[in-house]
Structure formats: C-alpha cells, structure tokens
Colleague: 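Sharing a structure, written as structure tokens. Questions coming.
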2 protein chains.
Amino acid sequence: MNEQGAFRALADPTRRQILMHLSAADMTIGEVSDRFEMTRGAIKKHLTILEEGNLISVQTSGRERINHLEPLGIKSAANWLNYFNQFWDDKLGALQSAIEKETKND
Amino acid sequence: MNEQGAFRALADPTRRQILMHLSAADMTIGEVSDRFEMTRGAIKKHLTILEEGNLISVQTSGRERINHLEPLGIKSAANWLNYFNQFWDDKLGALQSAIEKETKND
DNA sequence: TTGACATGATACCTTTTGGTGATATATATC
DNA sequence: GATATATATCACCAAAAGGTATCATGTCAA
C-alpha cells in the first residue's frame, strides 16, 4: 500500500528515463544530469520525487550523492497493477499467484 | 510502448479508485460519480483521462455512457514496471519469462 | 588556504491539473 | 409536446508541477 508516491513519481517521462539509466548503473546527480538537456536543479527535483516514492535510494559518499534503484516503490506499483490481471486473464493470474508463493519460500 | 498516457492517468488517487470500482462492475458516469464526493464534471474529466490512457473504454447506450476496464493500458504500464524485476530478483525474472512464453502459446 | 567541484536550496515564472458552477444537448417517459 | 434524466461543454479558479537562474554550502586537492 501507499503506492501514491510511486505512481506520482512514475507519471513523468523524464523520471521514468532516469530509472532506466539507473538500471544500467548507479549514478551521481551529475552523471544523471549529463544524460539530459536540462539543468542540474531540475534533475535534482526529479531525483527527490523518485526518492519520495521509494523508487530510488541515495547513499552519500563525500561530496557525491549516489542514486540507485530501489525495489520497494516499483514493486508496490507493480503489485497494485497486477491486481487487475484476474479480470481478463485467469491463466496469468494463476501463474503469478504461484510466483508469490515461490518467492515467499526464499 | 506509449505508456505515458497510462502512467499519467494512474498518478491520481481518485482515478485509481475509479479503476477499482470498475473492476467490480461496469458503470455509467452517474454510477461512478455517486461513489465520490465530487461533481459529475470532475468525474467526467477523470474518466476522459482514463480513456486517453486506454485504462478504460466506453460504450454508448442511449443517453448513457458505460465505462469498463480495459486491459491495454494497464498491461502496458505493468509491462514497463516488470522490466525492473530482473535487477533484484533473478528467480522472479525467470518465472515471469516462463509466463510470457506460456501466454504466447495460448 | 585557496580554488575547483558536487551538491543544496531558494525565489521566480509558466503551464498543467483538479476542481467548481452554469449552461447546452440528447434521450427517455408521461 | 412537456418534462425529467444523463451527459457534454465551457469559463473560471487555486494549487501543483516542471523548469530556470542564482547563491550558499561542503569537500577534495594542490
């Protein structure tokens, strides 16, 4: 629950692109902003919103802030969406129930 | 692809609640707005945005408009999120690859 | 300690968003 | 036809979002 922060963060295309970049490697704010034609300030705001949605987490190292992907928010959004699978695809729903069972036994 | 409309629509909590209501039953605009303390006009706007994101589709019947859940948009958002599973949960990723294979053989 | 570098923070601007209220149109129903 | 019902549309408003520019702070390196 509390998927609001995650869905709010996911609504912006720039933020989704940031997540894609962070899936390739952890990055500092500067490294992220190098990949966009936008000021550091704007990127910093996006990173803050991603952090609030628990889609990324941040580790400070000296004067750098290293951003990396965080499962929590992404999973909460994905779980919310997966609720709807049951309404049009029973087979998929059954398999995903199996996954949940499986992952609990880790 | 083109998941922007879906994610934009999902960002608002009222719209996510509407989807939950529509998962129980198809509803006219009036029936949806009866479930919220908000004007019909506001609900109509939300339904338009949900339709633009392909999260619902609408069938006209006389003077009524019947809204019902639509897999397309929800699946496109879910698929986008599922891409990230591979980065922290190999077992889950493997099982979901199996699902994709399975559902293609339908 | 001085200077360069990475980030933090703030004020400001424009556009979008989420909502209201009023009015118009189309369709049932009597 | 007259009237009630369901929705459509439009103007309007306040607040939030997305961006810039500027200045402050903390840290590394010589």
Side-chain angles (χ1 to χ4, degrees), chain A residues 2-22 24-70 73 77 80, chain B residues 2-22 25-70 73 77:
Chain A
N2 210 15
E3 64 281 329
Q4 174 55 30
F7 277 118
R8 179 211 174 197
L10 288 166
D12 185 88
T14 300
R15 289 195 287 268
R16 290 199 308 280
Q17 286 181 42
I18 291 175
L19 292 180
M20 293 299 285
H21 284 304
L22 291 180
D26 291 355
M27 293 183 192
T28 64
I29 295 182
E31 288 170 332
V32 174
S33 74
D34 283 349
R35 286 160 174 79
F36 292 89
E37 300 194 342
M38 195 182 296
T39 61
R40 259 186 206 77
I43 294 293
K44 172 61 164 64
K45 283 191 185 178
H46 283 308
L47 289 169
T48 299
I49 291 172
L50 286 168
E51 195 182 2
E52 287 171 356
N54 293 311
L55 298 174
I56 67 171
S57 61
V58 183
Q59 184 193 349
T60 300
S61 164
R63 61 183 162 180
E64 296 183 336
R65 270 170 62 98
I66 298 167
N67 303 274
H68 74 273
L69 225 56
E70 182 65 37
W80 193 91
Chain B
N2 210 12
E3 62 282 329
Q4 174 55 30
F7 277 118
R8 180 211 174 197
L10 288 166
D12 185 87
T14 300
R15 288 195 288 265
R16 290 199 306 281
Q17 285 180 42
I18 291 175
L19 291 180
M20 293 299 287
H21 284 303
L22 292 181
D26 291 356
M27 293 182 192
T28 64
I29 296 182
E31 287 170 333
V32 174
S33 73
D34 283 348
R35 286 159 173 80
F36 293 88
E37 300 196 340
M38 195 181 299
T39 61
R40 260 185 203 77
I43 294 294
K44 172 60 163 65
K45 283 190 185 179
H46 284 308
L47 289 169
T48 299
I49 292 172
L50 286 168
E51 195 181 2
E52 287 170 355
N54 292 313
L55 298 174
I56 67 171
S57 60
V58 182
Q59 185 193 349
T60 300
S61 165
R63 63 181 163 183
E64 297 184 335
R65 268 169 63 97
I66 298 166
N67 303 275
H68 74 274
L69 225 54
E70 183 65 36

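Here is how names work: the chains are called A, B, and so on, in the same order as the sequence lines, proteins then strands, and each is numbered from 1.
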Colleague: Hey, does the side chain of T28(A) come within less than 4.0 Å of dA6(C)'s phosphate (OP1/OP2), counting only N and O?
Modeller: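 No.
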
Colleague: What's the closest nucleotide to the side chain of I29(B) if the choices are dT7(D), dT17(C), dG18(D)?
Modeller: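 Looking only at heavy atoms from C-beta outward on I29(B), the closest nucleotide is dT7(D).
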
Colleague: Output the rounded distance in Å from CD1 (I49(B)) to C1' (dG19(C)).
Modeller: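 Going from I49(B) (CD1) to dG19(C) (C1'), I get 11 Å.
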
Colleague: If you check every side-chain atom of H46(A), which of dG18(C), dG18(D), dT7(D) has the closest atom?
Modeller: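 The answer is dG18(D), which lies nearest to the side chain.
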
Colleague: Return all side-chain donor-acceptor pairs below 3.5 angstrom for residues 52-65 of chain A, not counting sequence neighbours, or 'none' if the list is empty.
Modeller:
| unit_1 | atom_1 | unit_2 | atom_2 | d |
| --- | --- | --- | --- | --- |
| E52(A) | OE1 | R8(A) | NH1 | 3.3 |
| S57(A) | OG | H68(A) | NE2 | 3.1 |
| S57(A) | OG | E70(A) | OE1 | 3.0 |

Colleague: Go through the structure and list residues passing side chain to side chain contact (heavy atoms under 4.5 Å, CB included) with M20(A), not counting sequence neighbours.
Modeller: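 Side chain to side chain contact (heavy atoms under 4.5 Å, CB included) check on M20(A) returns W80(B), Y83(B), F84(B).
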
Colleague: Distance check needed: dA15(D) C1' versus D12(B) CG, whole Å only.
Modeller: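 Value for this atom pair: 14 Å.
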
Colleague: Check whether any side-chain nitrogen or oxygen of R40(A) sits under 4.0 Å from OP1 or OP2 of dT20(D), and answer yes or no.
Modeller: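 It does not, given that no N or O in the side chain of R40(A) lies less than 4.0 Å from OP1 or OP2 of dT20(D).
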
Colleague: Please determine if a side-chain N or O atom of R8(B) lies less than 4.0 Å away from the OP1 or OP2 oxygen of dT17(C).
Modeller: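 Checking R8(B) against dT17(C): at least one side-chain N or O falls below 4.0 Å of OP1 or OP2.
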
Colleague: Using whole Å, what does the distance between atom C1' of nucleotide dG21(C) and atom NZ of K45(B) come to?
Modeller: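 Rounded to whole Å, this separation is 11 Å.
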
Colleague: So which of residues 61-68 of chain A are in contact with DNA chain C, with a heavy-atom cut-off of under 4.0 Å?
Modeller: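 Within this stretch, R63(A), E64(A), R65(A) sit under 4.0 Å of the strand.
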
Colleague: Would you mind reading off the distance between E37(A) atom CD and dG18(D) atom P, rounded to a whole angstrom?
Modeller: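 Atom-to-atom, E37(A) to dG18(D), this comes out as 19 Å.
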
Colleague: Nearest heavy-atom pair of R40(B) and S33(B): which atoms, and what distance?
Modeller: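 The answer is CG-OG, 3.4 Å.
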
Colleague: Walk me through it: do L47(A) and I43(A) pass the test side chain to side chain contact (heavy atoms under 4.5 Å, CB included)?
Modeller: CA-CA 6 Å; L47(A) 289 169; I43(A) 294 293; 3.9 Å; yes

Colleague: Over all heavy atoms of both residues, which pair between I29(A) and N67(A) is shortest? Give the atoms and the distance, please.
Modeller: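 Taking every non-hydrogen atom into account, N-ND2, 3.7 Å.
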
Colleague: Just to be sure I understand the rule, does K44(A) reach a base, reach only the sugar-phosphate, or reach nothing, if contact means heavy atoms closer than 4.0 Å?
Modeller: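 Sugar-phosphate, no base atom in range.
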
Colleague: Verify the distance criterion only: is there a donor paired with an acceptor across the side chains of R16(A) and Q4(B) at less than 3.5 Å?
Modeller: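 A pair is found: one side chain offers a donor N or O, the other an acceptor, under 3.5 Å apart.
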
Colleague: Can you name the one residue among L50(A), D12(A), I49(A) that meets side-chain contact (heavy atoms from CB on, under 4.5 Å) with I18(A)?
Modeller: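 When L50(A), D12(A), I49(A) are each tested with I18(A), the side-chain contact (heavy atoms from CB on, under 4.5 Å) holds only for L50(A).
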
Colleague: What integer distance in Å separates E51(A):CD from dT7(C):C1'?
Modeller: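 Atom-to-atom, E51(A) to dT7(C), this comes out as 13 Å.
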
Colleague: Take the protein atom CG of L47(B) and the nucleotide atom C1' of dA6(D), then report the distance between them rounded to whole Å.
Modeller: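 Roughly 13 Å, once rounded to whole Å.
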
Colleague: Between T39(A) and dT20(D), is there a contact of a side-chain N or O with OP1 or OP2 at under 4.0 Å?
Modeller: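 For T39(A), the contact criterion (side-chain N or O under 4.0 Å from OP1 or OP2 of dT20(D)) is met.
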
Colleague: Can you measure I18(B) atom CD1 to dG18(C) atom P for me and round it to whole angstrom units?
Modeller: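 Rounded to whole Å, this separation is 11 Å.
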
Colleague: D34(A) has an atom CG; how far is it from atom C1' of dA6(C), in whole Å?
Modeller: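 Result: 12 Å.
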
